[in-house]
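Presented below is the structure to which this report refers.
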There are 2 protein chains.
Amino acid sequence: MPTQTKIKAFDLRELKVSCGSCSLSHLCLPHGLNSKELETLDESIQHKPSVEKGQALFHAGESLKSVHAIRSGSFKTVVLTNSGSEQITGFYLPGELIGLDGLGESKHRCTAVALESSTTCALDLDDLEKLCCSLGGLRRQFLHLIGHEINHDHEILLALGQMKGEERLAAFLLSLSRRLEMRGFSPIDFHLSMPRHDIANYLGLAVETLSRMFSRMQEEQIIHTNRRHVRILNMAALCTLAQAEPRSLDTRQG
Amino acid sequence: MPTQTKIKAFDLRELKVSCGSCSLSHLCLPHGLNSKELETLDESIQHKPSVEKGQALFHAGESLKSVHAIRSGSFKTVVLTNSGSEQITGFYLPGELIGLDGLGESKHRCTAVALESSTTCALDLDDLEKLCCSLGGLRRQFLHLIGHEINHDHEILLALGQMKGEERLAAFLLSLSRRLEMRGFSPIDFHLSMPRHDIANYLGLAVETLSRMFSRMQEEQIIHTNRRHVRILNMAALCTLAQAEPRSLDTRQG
DNA sequence: CGGCTTTTTGAACCCCATCAATATCCGTGG
DNA sequence: CCACGGATATTGATGGGGTTCAAAAAGCCG
């Protein structure tokens, strides 16, 4: 704890990396930009110090100055009712944009909490808007990322509205698998950065029910799981459960 | 039916109205633009013939050429699983933008079906992008409407994940009430353009359950309802049920 | 009126929430 | 090194909200 501030100061220098050298550029805003355009984008990006596990990147109600691209780690976004109950609206992995929900009222509507020690890049919204005008590729990619956010929400809507507990978990694991694979990780053997409680909330289930679903899918030899570690044993069965096409939750042929 | 084509041809001329004279301009994309800017926007807008009840404005899988602003009537958007079950992701009223979910892959991911005879304005996406560069107000409004779409999705997520049946219905009616009021209609006495079946699907309930919720809220003197007609008798109680602040589902003080 | 869709109501069952208890992991300190 | 406490996760038992099956009632339109 006491040494943390020193480490942070060090990191701040270390983190002065560019979009061009970032391993996530193909997923993030830089996608499709040439090296000159990347330089322009770089100038508007602010590399933030790490957010520690459990800390908030931003809170609901705060005015929206910038959107954040995740560089490492992971986040959850939470909205809450006046009665105090909360709903997790998404989990965010490196390369994904967080804070888009604030565009409506120029004010964050959810709170973003780090699931582990994480780093982000902040993109000033005014700068981003201006850049979008001069860089068509950036504009298109920004809109694509917005579209993905909406699509993702619709997928969960479908899960919450139509699926049974086990199917929801299957869809969740499949979505995670696919996204991890895009980031160069194993799609069949991975670590969950969030506790059961968060997954349950996200999927609209009680923790106990979720735990039973994990156990049942283990009995059915679909997955092997030990706490936060997950290995997918039968991908086909998982897809069937999730009512998805083999090896993909949301990619459609066209 | 046979006379329809003639009527359509007539309507096409009739519908050549401008954003400036549109009663929805304060809610729609024109919001915040001056008269000169409105003219520019008008040139990119295509007034479409009416879509009849049950007809689709666009289908899932079609490539995304434009987004649509609703001018009159109402729509539902539906996503579907491979197993055939479908989930309604939203109901759209005049002044609202439909088709934003397609931004992700430049392809519609949902099907938009008219709930009644409706008219729309089509905005070519390429034109809209270009206009957003020159018209800062338009750009901001476009982003706001996108933000509203995301916020709305998160509200339903909260409803599906946290609320009981009766609470979901309360939240739904309250959201509708507020949106109708913004369009100059009575917020406590209105007509539902969608059947029970659609509301039930949207709220993740069985039709029978939804019908019981309607009946129960009538017994509780919170609403009076006769089929598609709804009158709100006890707004405070409705807000309490929906876990919302009095007279608003999603507006926050700040 | 007759056939259709839409809506409501009834009864039985089931999935899941809830309450309760145990088990496992992890960090801290003895 | 092990003991201890707290957070996390699993498992069991019970009950309730909602689905499902079934059917009647009410509107719509020919």
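To find a chain, count down the sequence lines: A is the first, B the second, and so on, and within it residues start at 1. Computed from a predicted structure; not experimentally measured.
Between A:V207 and A:N226, the residue anchored closer to the 5' end of DNA chain C is A:V207, taking for each the nucleotide with the nearest heavy atom.
At a cut-off of 3.5 angstrom, the base of C:dT6 holds no donor-acceptor pair with the side chain of B:R228.
The CD-P distance, from B:E167 to C:dA17, rounds to 14 Å in whole Å. Summarising the geometry, the separation between CZ on A:R168 and P on C:dC15 is reported as 13 Å, rounded to the nearest angstrom. Distance B:N201 CG to C:dT6 P: 14 Å, rounded to the nearest Å.
Tested against B:H154, the residues A:D101, A:T77, A:D153 include a single side-chain hydrogen bond (donor to acceptor under 3.5 Å, both in side chains) partner, A:D153.
Ring centroids of A:H229 and A:F190 are separated by 6.0 Å or more, keeping the two rings apart. A ring-centre distance under 6.0 Å is found for B:Y202 and B:F91.
Closest to the B:R196 side chain, of the nucleotides C:dT18, C:dT8, D:dA9, is C:dT8.
The pair A:R216-A:E166 meets the salt-bridge criterion, since a charged nitrogen lies less than 4.0 angstrom from a carboxylate oxygen. By the 4.0 Å N-to-carboxylate-O rule, B:R212 lies too far from B:E219 to be salt-bridged with it.
Within the 4.0 angstrom heavy-atom criterion, base atoms lie near A:R227.
Residues B:V79 and B:C110 share a closest heavy-atom pair of CG1-CB, 3.7 Å.
Shown for residues 208-217 of chain B: residues whose heavy atoms fall under 4.0 angstrom of DNA chain C, namely B:E208, B:S211, B:R212, B:S215.
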